[in-house]
Amino acid sequence: MPIDEADVEQEQMHFANVIATFQQYASYALTANNRRRKDIYVLPKADQDLLTNLGYKEKLAEVDKAIFVNATFLNQIVDNPEIFGHNIDDECGELHDDSISQPNGSQSHGDHGHSHSHDHSHGDHSHSHSHSTSEGHSHGSHIHADPSGSRRRPYRSNEGDMDKLRSTLKQFVRDWSEEGKVERDVCYEPMKDALIKHFQNIPTAERGKLRVLVPGAGLGRLAWDIANMGFACQGNEFSHYMLLASFFILNRTETINQHTIYPYVHSFSNIRDKAALLRGVTIPDVNPSSLPQNSNFSLVAGDFEEIYGAEEHEEGDPQAGEWDAIMTCFFIDTAKNIVNYLRIIHRILAPGGVWINLGPLLWHWENNTTNDPSVELSLDEVKELARQIGFEISNERTIDTTYTNNSQSMLGYVYQAAFWTATKKAV
Ligand SMILES: C[S@@+](CC[C@H](N)C(=O)[O-])C[C@H]1O[C@@H](n2cnc3c(N)ncnc32)[C@H](O)[C@@H]1O
């Protein structure tokens, strides 16, 4: 497929903007917290005194400290972005905000003019990225090209960017913490069980011959678990946030519980007590480099449809029939055109292979503001479509599950996620 130079440039700029978002996290999050601090001073003195007695100001200072710990972690992730083959120039993103210093609870952090999000429909419970735009795609609004030359103004991250970054922290909890085990057990275990059951006649020692694909792999835990079970497993992911974060946890982490993050300090809503707000989560719960010797595990960066759906290739159709299992967890509703997703899954599945699905239908492109097409089917329509495309669906059931849930929040969303296994109908 010919590579379009403009696309490459746009991709690089988008990548640089994501790096900038990681780097600007401290400034942005501290500003949001400082707004709370400033708001105290507009209150009557008697009210201020009462809040002081409650220890509210001390709590704000502790949140600042937690933000600094998060920032140190996030900065480590983007320490060496060149590993992704992108050429990031020095001035691409980092805003140097002189008002940021170590927390003492009193400094001013400047004003980014953003408002704190209280979006109840796409807040904590949403999938890991915004539904109105797709993180993996570059958008004109992200680009600050200087028409007179190649130098760019520093990118100033916005609330949407920061929302994705905060979601990435919560995704670490889902995929790589002891706390996330409850959620993983509900989502990943039935999928892994179904995989083992489908290939129960294959001796464990021969699992390495079976190729398993996990599209929309997020931070890679399901794919890692499958590789750990002895299968050859490839995750696919297109979000730079996810790719940077998963690379870091998989390749730059040496010990269990090496890092502590504070994923819940960004919103004070529905918090029962200070401990719930300020609790640190340690990651990872397993050593990511402890995969058995000779295991076959990879993560491929890029758009699922572009990578696995490309039929025209000088060597014919390289993906057709190549995958013994395809595991879609909270993925199929990321489709703009579900027909194409299902066609690809069908075409690249090997004869006798299995497609295992778990997830809701929170159509990611519904109401998008970028004029992208979006087909939004009901569950019965998706299943009927799968049948018409040539799948035989079995083991259907509903699994109640959360997604990047804060277990100590006063608010929690539960998906009634659809589970099934499907095989190609004999022709
Ligand atoms: C809701 S998350 C689920 C992540 C993971 N499967 C889990 O269960 O935690 C959906 C993931 O799919 C990724 N994604 C969405 N559209 C994609 C595409 N066209 N190609 C590759 N990845 C995609 C997103 O970046 C996101 O990480």
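Start at 1 and go down the list; that is how both ligands and their atoms are numbered.
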Listed pairs under 3.5 Å, donor-acceptor, residues 273-284 side chains, sequence neighbours left out:
from: D273; atom 1: OD1; to: A275; atom 2: N; distance (Å): 3.4
from: D273; atom 1: OD1; to: A276; atom 2: N; distance (Å): 2.9
from: K274; atom 1: NZ; to: E62; atom 2: OE2; distance (Å): 2.8
from: R279; atom 1: NH1; to: A276; atom 2: O; distance (Å): 3.0
from: R279; atom 1: NH1; to: N406; atom 2: OD1; distance (Å): 3.3
from: R279; atom 1: NH2; to: E179; atom 2: OE2; distance (Å): 2.7
from: R279; atom 1: NH2; to: N406; atom 2: OD1; distance (Å): 3.0
from: T282; atom 1: OG1; to: N257; atom 2: OD1; distance (Å): 3.0

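- For ligand 1, the atoms sitting less than 4.0 Å from at least one non-hydrogen atom of R174 are 7 (C), 8 (O), 9 (O), numbered in the order shown with element in parentheses.
- Counted by atom type alone, Q258 and T253 present zero donor-acceptor pairs between their side chains at under 3.5 Å.
- Under the 3.5 Å distance criterion, with hydrogens and angles disregarded, no donor-acceptor pair is assigned to the side chains of N75 and Q23.
- Contact annotation for R221 and ligand 1: no heavy atom of the residue comes within less than 4.0 Å of the ligand.
- Checking W355 against T421 by side-chain atom types alone, no donor-acceptor pair falls below 3.5 Å.
- Look at Y341 and you'll find a heavy atom under 4.0 Å from some atom of ligand 1.
- Below 4.0 Å from some heavy atom of M242 lie the following atoms of ligand 1, by number and element: 27 (O).
- Counted by atom type alone, Y155 and T21 present zero donor-acceptor pairs between their side chains at under 3.5 Å.
- Judged by the shortest distance from any of its heavy atoms, Q171 lies inside the 4.0 Å radius around the atoms of ligand 1.
- Taking a 6.0 Å sphere around CD of Q416, one finds it holds 12 or fewer heavy atoms contributed by other residues, nucleotides or ligands.
- Within the listing of ligand 1, atoms 18 (C), 19 (N), 20 (N), 21 (C) sit less than 4.0 angstrom from a heavy atom of F304.
- For ligand 1, the polar-atom distance check finds no N/O of H364 at less than 3.5 Å from any of the ligand's N/O atoms.
- Ring centroids of F304 and F238 are separated by 6.0 Å or more, keeping the two rings apart.
- Of all atoms in ligand 1, numbered sequentially from 1 with element shown, those under 4.0 Å from a heavy atom of G302 are 20 (N), 21 (C).
- Of all atoms in ligand 1, listed by their number and element, those nearer than 4.0 Å to a heavy atom of C329 are 3 (C), 5 (C), 6 (N), 8 (O).
- If you look at Y188 next to ligand 1, the close heavy atoms, those under 4.0 Å, all belong to the side chain.
- Side-chain atoms of R37 and N34 form a donor-acceptor pair, as typed in the model, at a separation below 3.5 Å.
- Residue contact check: F330 has heavy atoms under 4.0 Å from atoms 1 (C), 2 (S), 3 (C), 10 (C) of ligand 1.
- Contact analysis leaves Y241 out of contact with ligand 1, as no non-hydrogen atom separation drops below 4.0 angstrom.
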